[in-house]
Protein chains: 2
Amino acid sequence: MIAPGSYEELRNELATRHEDLSKRLKQIAEYALDNPNDMALETVSGIAERASVQPSSLIRFAKAFGYSGFSEMQRVFRTHLVESGANYKERIRSFGRDDETAEYTRNIVLDDFVDGGIAALDNLREVVDPDKFEAAIKYLGEADVIYLAAQRRSFPVASYLAYAFAQLDKRCVLIDGNGGMFFEQGRSIRKGDALLAISFKSYSPEVVQLVKETRENNIPVVSISDGVLSPLTQNSDVCLEVEDIEVHAFRSLAATMTLALTLVVALGRQLQE
Amino acid sequence: MIAPGSYEELRNELATRHEDLSKRLKQIAEYALDNPNDMALETVSGIAERASVQPSSLIRFAKAFGYSGFSEMQRVFRTHLVESGANYKERIRSFGRDDETAEYTRNIVLDDFVDGGIAALDNLREVVDPDKFEAAIKYLGEADVIYLAAQRRSFPVASYLAYAFAQLDKRCVLIDGNGGMFFEQGRSIRKGDALLAISFKSYSPEVVQLVKETRENNIPVVSISDGVLSPLTQNSDVCLEVEDIEVHAFRSLAATMTLALTLVVALGRQLQE
DNA sequence: ACAAAAATGGAATAAAAATTCCACACAGAG
DNA sequence: CTCTGTGTGGAATTTTTATTCCATTTTTGT
């Protein structure tokens with residue numbers, strides 16, 4: 001007897017053997033199929049109570065399906081909960097785990113990044129707060145000149161935005177730090193302008209400092225960053241959150257780029273009106 | 001002190017109080033925000049190990065946020081896990097929405113780009129030719145210095161590649177055309193180097209010309225472009241095809257960026273061997 | 001630089017949970 | 001109707017897990 005390793009296998013096994021099971025085990029099987037979340041999260045006695053059986057029956061049940069005990073079977077339900085459960089950060093981790101054993105054919109690498117990118121985009125859809133997004137558009141739309149600040153990995157995003165804003169005839173300045181003039185470029189920002197800053201952990205100190213200074217001068221700051229702990233979140237008028245997935249120790253820009261593009265299009269639409 | 005009852009409240013509390021927390025508690029807060037699933041499913045000692053803290057610190061952490069103990073706090077994470085999972089399953093994804101009749105609310109714009117990005121990534125998986133990909137890696141791996149040429153919309157991709165190659169300690173030169181020196185920069189390319197050019201229609205004349213000249217000097221040219229009609233395809237040793245989807249008259253860079261990233265990782269892996 | 005207070009690590013302890021065990025119930029065969 | 005074997009409830013036991021406690025270290029305020 002070999003225990004099902006995946007939720008799908010287990011589900012299948014439960015269905016096939018359902019008829020042959022004893023009264024109590026049948027009862028448990030039905031409960032398990034109806035309440036997989038309970039199976040994943042509750043304790044033996046908790047489930048026993050809800051399903052109106054004895055705790056020992058649950059152990060017998062698990063053993064009847066080849067597991068060493070209830071806990072081992074519960075792991076199958078837990079894994080399923082995480083994997084199906086949209087929390088995409090955990091999906092990154094499962095990429096990482098596969099990686100250690102998988103052979104690296106070229107295709108697997110591309111597939112991983114494609115999957116990662118898709119997951120990141122899916123996540124983007126969920127985490128972007130429409131109110132914040134609208135507020136960001138408003139600040140940018142009202143700005144005379146948009147200043148763009150980003151360094152290192154985020155720089156390409158700013159670079160893309162500079163290109164796209166120019167297409168819209170929206171004036172902007174890309175603070176590229178050329179010639180070590182990062183702050184000099186940044187300090188030419190005036191009342192009526194706005195700063196759009198992009199940075200992810202580990203946050204570029206220059207960008208963080210510029211954001212703070214600009215805010216202190218009462219100039220609107222819109223930022224794109226990762227999560228509530230970011231120093232940009234705290235010092236911006238509005239902060240859009242993105243989290244690109246890290247696969248094979250590298251972080252893509254697919255989600256961030258898509259957000260940037262959306263920002264541009266929404267801004268363009270607003271300017272037309 | 002009242003303990004946050006929902007995940008969102010907790011998340012918020014973690015963020016606002018993050019700065020005032022002690023070193024260990026801060027560390028735990030970061031881990032919790034990054035790995036909510038672990039917080040939901042793992043045991044105290046399991047989490048302690050992964051987050052590199054003592055089990056007792058986790059209990060202190062929970063108490064610092066008003067819970068009676070770790071278990072009470074964990075319930076918040078578990079509830080969130082179940083609820084976010086349920087939403088995910090119910091979500092419907094509809095591609096190819098009817099743009100003409102749809103009202104353009106802010107969300108629809110983001111959804112369109114997300115869908116477009118996903119479609120582009122899916123497509124990328126299909127169209128990338130593994131042999132060409134491998135050949136590209138080979139040329140780049142053997143190059144002494146990689147020259148990167150791209151203009152306008154493609155420039156951010158080159159910019160990202162420059163950053164990533166530097167991370168790999170792979171020497172590269174980003175031909176940015178600063179000071180109108182595009183060709184001057186490009187002509188410093190030597191035997192033993194390679195050119196990586198990125199351009200899409202309408203093709204940048206500078207990049208096309210540089211590709212031709214470089215090829216004539218028998219220096220390997222790898223390019224990223226769109227389809228067989230591209231002048232880059234015809235004048236490169238190997239050309240990787242990508243097609244980012246155009247939505248609302250704007251073209252994203254999600255797929256191209258993902259291809260670039262994959263190139264970097266594959267190259268990095270090859271260099272390690 | 002010092003004392004006081006806060007934070008930390010790690011072992012000790014308490015609590016909770018999983019698992020085992022056994023007496024009993026119940027169905028089917030003789 | 002009783003014997004036999006499987007199934008079941010529930011208490012006892014073992015294992016795992018959470019929590020507490022205190023000696024030690026680190027920070028803070030003077």
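A note on names: the letters A, B, ... follow the listed sequences, proteins ahead of strands, and every chain is numbered from 1.
An OP1 or OP2 oxygen of D/dT6 is reached within less than 4.0 angstrom by no side-chain nitrogen or oxygen of A/Ser22. Close to D/dG10, at under 4.0 Å from its OP1 or OP2, lies a side-chain N or O of A/Gln54.
Across the protein-nucleic acid pair, B/Arg24 atom CZ and C/dG10 atom P stand 10 Å apart, rounded to whole Å. Counting to the nearest Å, the C1' atom of D/dT8 and the CD atom of A/Gln27 are 11 Å from each other. In this structure, A/Leu58 atom CG and D/dG7 atom C1' are separated by 15 Å, rounded to whole Å. Nucleotide C/dT19 holds its C1' atom 14 Å from the CE atom of A/Met73, rounded to whole Å. One interatomic measurement links the two molecules: CZ of A/Phe61 to P of D/dG7, which rounds to 14 Å at whole-angstrom precision. Taking atom CG of A/Leu21 as the reference point, atom P of D/dT6 lies 16 Å away to the nearest angstrom.
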Checklist entry - Which letter, B, S or -, goes with each nucleotide of nucleotides 11-30 of chain D from 5' to 3', with contact meaning a protein heavy atom under 4.0 Å? => result ------SSBB----------
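Taking 4.0 Å as the cut-off between side-chain N and carboxylate O, B/Arg78 and B/Glu42 do not count as a salt-bridged pair. Using a cut-off of 4.0 Å between Lys/Arg side-chain N and Asp/Glu carboxylate O, B/Asp115 and A/Arg125 are scored as salt-bridged.
Figure legend: cation-pi geometry between A/Arg153 and A/Phe200, with NZ or CZ positioned under 6.0 Å from the six-membered ring centre and within 45° of its axis. Judged by a 6.0 Å distance limit and a 45° cone about the ring axis, A/Arg17 is positioned over the six-membered ring of A/Phe65.
Side chains of B/Ser56 and B/Gln54: no donor on one and acceptor on the other come within 3.5 Å.
Residues B/Ser57 and B/Ile28 form a side-chain contact, since some pair of their non-hydrogen atoms from C-beta on lies under 4.5 Å apart.
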